[in-house]
Amino acid sequence: MILETERLYLRKLTPADRAALCETLQDKEAMYAYEHAFSDEEADAWLARQIARYQEDGFGLWAVIRKEDGAFLGQCGITMQDVHGERVPEIGYLLTRRYWHMGYATEAARACKQYAFETLGLPAVYSIIRENNLPSRRVAELNGMCVVGTLVKHYYGFAMPHLVYRIEK
C-alpha cells in the first residue's frame, strides 16, 4: 500500500489488475478526454508504462481500491509530464465510470497531493486537464489548484486544448 484515506487505499498496479483496468481504458465514454477507447495493445502499454514509472520515478498511477469491499475503482497518482519543455509532477485520476460522482477521485487526488508534499517533498504539483473535461477540472479545483496556463496536446490527429492547474506546498 502506498497511501490510504478514509475510504480508499492506493497501491501499485500489477499485471493482475489488467482486466479491471481495461474496464475503464476500453470504455469509450470513460475515455472521452482521449477521444477513443484503448485497444488491448494500448491497455497493455498503459499498464507497462505505469509499472516502469514505479522503477524510474518512484511513483506513477496507482490502483484505487475501496476499503469496504476491495473494489478496484480506477487509478490515481503522480506522473511526470511535459509542460512547455519542463518536466513537472502531475496528479492524474481516471476512474471506472460506475464509480463517478461519489467523491472518490477528489479523495484520492487530495491524498496524492499530501503524499507529493509530505513524502516526496515536491514544492508544487500540477494537473493537466482537457478544457472540456469539467468533472476533472472540478476535482482539481476541490484539490485547491488554480489554472496557471494552457497547452495543446496532439493525440490521434486531434488538437486538444488543456488547462494547466497548479498548487504549491
Side-chain angles (χ1 to χ4, degrees), residues 2-3 5 8 10-13 21 24-25 27-39 41-64 73-96 100 103-169:
I2 305 296
L3 56 91
T5 69
L8 311 170
L10 279 63
R11 62 159 174 79
K12 290 181 179 179
L13 290 162
L21 192 58
T24 303
L25 296 178
D27 177 347
K28 184 175 179 164
E29 189 174 336
M31 297 299 289
Y32 72 93
Y34 289 82
E35 289 293 339
H36 77 292
F38 281 19
S39 67
E41 294 77 20
E42 289 170 315
D44 289 340
W46 180 277
L47 179 56
R49 189 166 49 254
Q50 301 322 312
I51 293 170
R53 283 176 165 148
Y54 305 150
Q55 297 294 323
E56 295 164 10
D57 299 324
F59 48 83
L61 292 177
W62 298 306
V64 177
L73 307 183
Q75 52 195 319
C76 183
I78 304 164
T79 60
M80 297 304 292
Q81 300 293 328
D82 181 87
V83 174
H84 304 297
E86 180 184 356
R87 274 180 49 102
V88 301
E90 180 198 23
I91 296 174
Y93 31 88
L94 184 57
L95 298 186
T96 303
W100 288 2
Y104 294 129
T106 301
E107 186 173 334
R110 284 178 173 158
C112 287
K113 177 183 71 175
Q114 181 178 356
Y115 183 87
F117 292 154
E118 294 179 8
T119 303
L120 299 177
L122 297 172
V125 289
Y126 296 74
S127 283
I128 304 161
I129 303 169
R130 198 162 171 198
E131 283 182 348
N132 66 349
N133 189 343
L134 300 179
S136 287
R137 290 175 57 184
R138 181 72 179 137
V139 170
E141 291 160 4
L142 288 170
N143 205 11
M145 297 179 149
C146 298
V147 175
V148 296
T150 63
L151 60 84
V152 177
K153 290 187 179 187
H154 298 277
Y155 188 69
Y156 270 75
F158 293 95
M160 301 178 177
H162 283 65
L163 298 172
V164 178
Y165 285 82
R166 175 185 165 126
I167 188 168
E168 295 181 11
K169 184 173 181 176

Does [X] reach the side chain of [Y], with side-chain heavy atoms less than 4.5 Å apart?
X	Y	value
Leu13	Leu47	yes
Val125	Met145	yes
Ser127	Tyr93	yes
Met80	Val88	no
Phe59	Ile2	no
Arg130	Glu35	yes
Cys112	Leu10	yes
Val83	Ile128	yes

Q.
Does Arg11, at its CZ atom, have more than 12 non-hydrogen atoms belonging to other residues, nucleotides or ligands within less than 6.0 Å?
A. yes
**Q.** Check: Trp46/Gln75 side-chain N/O donor and acceptor closer than 3.5 Å
**A.** yes
Q) Does a donor on one side chain sit under 3.5 Å from an acceptor on the other, for Tyr32 and Asn133? A) yes
Q: For ring pair (Phe, Tyr, Trp, His ring centres under 6.0 Å), just list the numbers for Tyr115 and Trp62, CA-CA rounded to whole Å, side-chain angles, deciding distance to a tenth of an Å, and then say yes or no.
A: CA-CA 13 Å; Tyr115 183 87; Trp62 298 306; 5.4 Å; yes
Nearest heavy-atom neighbours spanning [X] and [Y]:
X	Y	result
Ala108	Val64	CB-CG2, 4.4 Å
Ser136	Ile129	O-CD1, 3.3 Å
Ala109	Asn143	O-ND2, 3.2 Å
Gly74	Leu95	CA-CD2, 3.9 Å
Thr5	Ala111	CG2-CB, 3.4 Å

Spatial distance of atom [atom1] ([X]) from atom [atom2] ([Y]) [nearest 0.5 Å]:
X	Y	atom1	atom2	result
Leu73	Glu107	CG	CD	9.5 Å
Asp57	Thr79	CG	OG1	8.5 Å
Met31	Thr24	CE	OG1	8.5 Å

Q.
Students often mix this up, so state it plainly: with edges at 30° and 60°, are the rings of His36 and Tyr155 parallel, tilted or perpendicular?
A. tilted
Side-chain donor/acceptor of [X] to backbone N/O of [Y], under 3.5 Å:
X	Y	answer
Tyr104	Leu8	no
Gln50	Leu61	yes
His84	Gly149	no
Gln81	Glu90	no

Could you go through residues 158-169 and list every donor-acceptor pair under 3.5 Å that involves a side-chain atom there, pairing it with any protein atom two or more places apart or in another chain?
residue	atom	partner	partner atom	Å
His162	ND1	Met160	O	2.8
Tyr165	OH	Arg137	NE	3.2
Tyr165	OH	Glu141	OE2	3.0
Arg166	NE	Glu168	OE2	3.4
Arg166	NH1	Tyr126	OH	2.4
Arg166	NH2	Glu168	OE2	2.9
Lys169	NZ	Phe117	O	3.3

Q.
Less than 4.0 angstrom from a charged side-chain N to a carboxylate O is my criterion; do Lys153 and Asp82 meet it?
A. no
Q: Run the numbers on Asp44 and Arg49 for salt bridge (charged side-chain N to carboxylate O under 4.0 Å, His left out), then give the verdict.
A: CA-CA 9 Å; Asp44 289 340; Arg49 189 166 49 254; over 6 Å; no
